[in-house]
Every structure is written in C-alpha cells, then in structure tokens.
There are 2 protein chains.
Amino acid sequence: MSGRPKIFEEEVVIAKAAELFWRKGFEAASTEELLAAMGIGKGSFYLAFKGGKSELFEKVIEGVSRKELHLLNHTLATSQNKVETLKDLFRSIGLAPKERNQKGCFFGQTIAEFSSTDLPFTDLAARHLLQLEKIFYEVISEAQQDGMLSTKEAPALLAAHLITIWNGLGISRRIAPQPNSLSTLIEMQLKVLQ
Amino acid sequence: MSGRPKIFEEEVVIAKAAELFWRKGFEAASTEELLAAMGIGKGSFYLAFKGGKSELFEKVIEGVSRKELHLLNHTLATSQNKVETLKDLFRSIGLAPKERNQKGCFFGQTIAEFSSTDLPFTDLAARHLLQLEKIFYEVISEAQQDGMLSTKEAPALLAAHLITIWNGLGISRRIAPQPNSLSTLIEMQLKVLQ
DNA sequence: CTACTTATGTACCAATCAGTACACAATAGA
DNA sequence: TCTATTGTGTACTGATTGGTACATAAGTAG
C-alpha cells in the first residue's frame, strides 16, 4: 500500500514555487529553477505533478488565491468595522516594503501574461478577482444598509470600482519611486467609501 | 557608399513586431515568430538590430509610446473641450472590440512582466505612463483654472488617480464578460472630473 | 568592366527548454 | 526475509531557444 515516504509536502513546495512564479512569471520561471526552489528532483516532481509546469502553476494560482481570500475573510470576520478593514487592505499597499511592491498583484500579473491565449490560467486568476470583488460588494452592501456608509452609489458599481483601483495599484506600486506617494493617493481614492 | 537596398522600413517592421509582442509578451514571442510577422530574415534582422530581440522590444515600446502620445496630444490640441476628450479616452475602452480589450494596456503588461527584473523595459514602460499622467495633470490643471472643473482636489492627485484607473481598466477590460458592463463602470469613475 | 559597400538568406551553433526512462531506495505487509 | 508499492535521483531526449558565420545578391562609384 504505502511505499517509500515522500520527502516533501505538496502545499509547502507549491508555496515555494509560488514565490518564484510571482517574481518571474510563468514563462520566465524555468522548471529547473522551480525544482531548485522547491527542493525536490525531477523524479518526484513529475510523479506528483503529472501535468508538469502547467499543473504546478494552476495549483499555485489556486493556493495563493485560497490563502489571500482566507486571510481577508478571517480578518473581516473578527473585525469591528468591516469598511475600515477593507480600507486597511488598500492602505497596506502604501506601507508594504519595496520588495513586496515590486511583485505587484499576482493575479493581475497572470492575466496580463495570458489573457490573449486560451490557457486556463486567465480564468483561474479572473475567478480570484471576482471573488475579491464579491467580498467588496458584500461589505459595502451591508454597511450601506446599516447606515455606516453615506454613499448612495450602487454596491456592485462601487465594488467593481474598487477592483479597478486594486488592479491599478498593482501596477502603480511596482513603479512608484517611494511608497510614501502611494499612501496619499490611496487615502484620496478611499474617499468613495464614506 | 550605398550597397544593396533594404527591402523593409524599420518603422514598419517595428510596428508589426509590436502587434506580436503586445499579444504574447516578450518571453512568449519567439524571434522566429517575430521575423515571420515582420517579413524579414535573420540576416537582415541582426544587421539592423544588433541588440537582437531586446533591442527590438525597446524600440517597440518607444514606438508604441510615441504613437499613442502623439495621437492623444493631437486630439487634445484640436479639441474644444479637453476634459471631455480625456473622458472619451477612457470611454473608448468600453466601446473597443473584444480583440482589442483582450490585449489590455501594453505598458502595464510590460511592467507586469519585468518589474521584478533589472531590465530597462520597466523604465521605458513606466516613462510612458508618467508622460500620460503628465498630460492628465496639465488638462486638469488648466481646466480647474478656467473654472471648467468644480473639483477642488489637487491636479497631481487627480492625475495619479486617473492613471491608477487606467491601469486597472487595462486588467478589467481583459476579463470583462461583455464590454457593456465596462461602460457604466467607466462613466461612474469619470465623476471625479466634474 | 572592376572594386566596394551594404543587405539578404541559409546553414549552423551551443545552450536551454520541458519532459521521459529507468535503475535504485525506502517503506509496509506477509 | 521476501514481495509489492511508492518515491527519488540521474542520465537522457528531441525540440526550440536566441544568435552567428558566411556565401551571395544588389546596388553605387570609378
């Protein structure tokens, strides 16, 4: 039944591969580099990931998505002021270290690399952004009903607007000379949530 | 002095290469594909572009940038209402055909592909976005002074905000189910210019 | 015509790509 | 200990990568 034991956990090596994919993109990250980063050999890799590099990348997208959404959902669930928590999500961009900002948004990056092809990566990345938009929508919707938001704008439109800004900041943060300039911009952009 | 005549014009083949680079990105576009698209052979190519694929890509960035900025500047120069012209630039995203929208923004795409490396491509692409931002700034600044804009927000902040939205729409347009949804979003986002 | 200059097409190159084949190692159950 | 099962490491593969070498073509100048 159970032969030689695995020397790695799938979740762990997927997370390590994610780091490299995020930094270099799918095409530029070679399988050899990935294997080195994951700390496993070809034999183990192609046994665990029969689909090779593509399967790995799909699982990386799903893994990063799950982690990020879980973190946000958890923070919201234990938050006193959900709108403020949402705002803090954006504010964190202005406070992030340079290395983090240079990597931008993994999902926006993936869409940029693949949206003109027919690979399934675009759909997976788009699905994440859609889920993020849905979270925005629900927080805004609830806050409006509770009178915590004075804006009369439709929650769906506001959520789509926030996603646009999120993706836009995913580019801006990569080329911003100093993160300080980002913070004042973000603070201004968050005025739509009042 | 003058030997065998060239069978191509540099500007023309650069424009043809731009189409492929824009659709597939730098890494995914192979030199052979590029040569086929440009309609020239390796001999001619490496004589004209001693830096190879990299030099070609730099010239593509510069070429696309120059064209887009020139078009916008020309439209603005002959416009009665510059703010409205700016708005129309954004509105055109909602009206563009699917094939166009799937390509997104070439400069955002390039920044996404390279911002974690030290290649000069990021700087070239960032420079374009900065120039675009400057145009936004000047139109807003002038309109505010002429009383055509009631917003009291600082022109520099508004311009940075518009660039964020521009880059965000560069992602949204790639994954939008139908362009119709984009138009209502864009119209809402343009309310900052009133 | 000859000499010179520049452009073109093709054959070729080493390096790298993602992926496979397979001998061998390590466990569990009998 | 023997067998079955699963995992690992390495050698190898064919294809493709970006790029070079070079013979030849197509012009101009004398």
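Reminder, nothing fancy here: chain letters follow the sequence lines and each chain counts from 1.
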Hey, which of Glu19(B), Gln109(B), Lys24(B) is the one that makes side chain to side chain contact (heavy atoms under 4.5 Å, CB included) with Lys103(B)? Glu19(B)
Using heavy atoms to find the nearest nucleotide of DNA chain D for Gly52(B) and Pro5(B) separately, return the residue whose nucleotide is more 5′. Gly52(B)
Base, sugar-phosphate, or nothing: which does Ala28(A) touch, judged by heavy atoms less than 4.0 Å apart? nothing
Using a cut-off of less than 4.0 Å, is there contact between a side-chain N or O of Tyr46(A) and OP1 or OP2 of dG19(C)? yes
Does any N or O in the side chain of Thr117(A) come within less than 3.5 Å of the main-chain N or O of Leu119(A), such that one atom is a donor and the other an acceptor? yes
Ser30(B) side chain, from C-beta outward: closest of dC17(C), dT27(C), dG18(D): dG18(D)
note: Met38(B), atom CE; dT8(C), atom C1'; distance rounded to Å ~ 14 Å
Using the ring centroid of each side chain, check whether Phe8(A) and Phe45(A) are separated by less than 6.0 Å. no
Can you see if the side chain of Ser2(A) gets near the phosphate of dA28(C) - specifically, an N or O under 4.0 Å from OP1 or OP2? no
Ser150(B) side chain to Gln194(B) main-chain N or O, any donor-acceptor pair under 3.5 Å? yes
Quick one: Lys53(A) NZ to dT16(D) C1', roughly how many Å, whole number? 13 Å
Per Ser44(B) side chain, nearest of listed nucleotides dG18(D), dG27(D), dG9(C): dG9(C)
To the nearest angstrom, the NZ-P distance between Lys42(A) and dT16(C) comes to 13 Å
Leu35(B) has an atom CG; how far is it from atom C1' of dG19(D), in whole Å? 11 Å
Between atom NZ in Lys50(B) and atom P in dA7(C), what is the gap in whole Å? 8 Å
State which residue, out of Phe21(A), Phe107(A), Phe106(A), Phe114(A), fulfils the ring-ring contact (aromatic ring centres under 6.0 Å, His included) condition with Phe121(A). Phe114(A)
Assign Phe8(B) to base, sugar-phosphate, or nothing according to its heavy-atom contacts below 4.0 angstrom with the strands shown. sugar-phosphate
Rounded to whole Å, the CG-C1' distance (Leu47(B) to dG19(D)) equals 14 Å
Whole-Å gap separating C1' (dT6(D)) and CZ (Arg4(A)): 9 Å
Base, sugar-phosphate, or nothing for Ile7(A), non-hydrogen atoms under 4.0 angstrom? sugar-phosphate
Taken to the nearest whole Å, CZ/Phe45(A) to P/dG19(C) is 7 Å
Against the side chain of Lys6(B), the closest entry in dT8(D), dA7(C), dA26(C) is dA7(C)
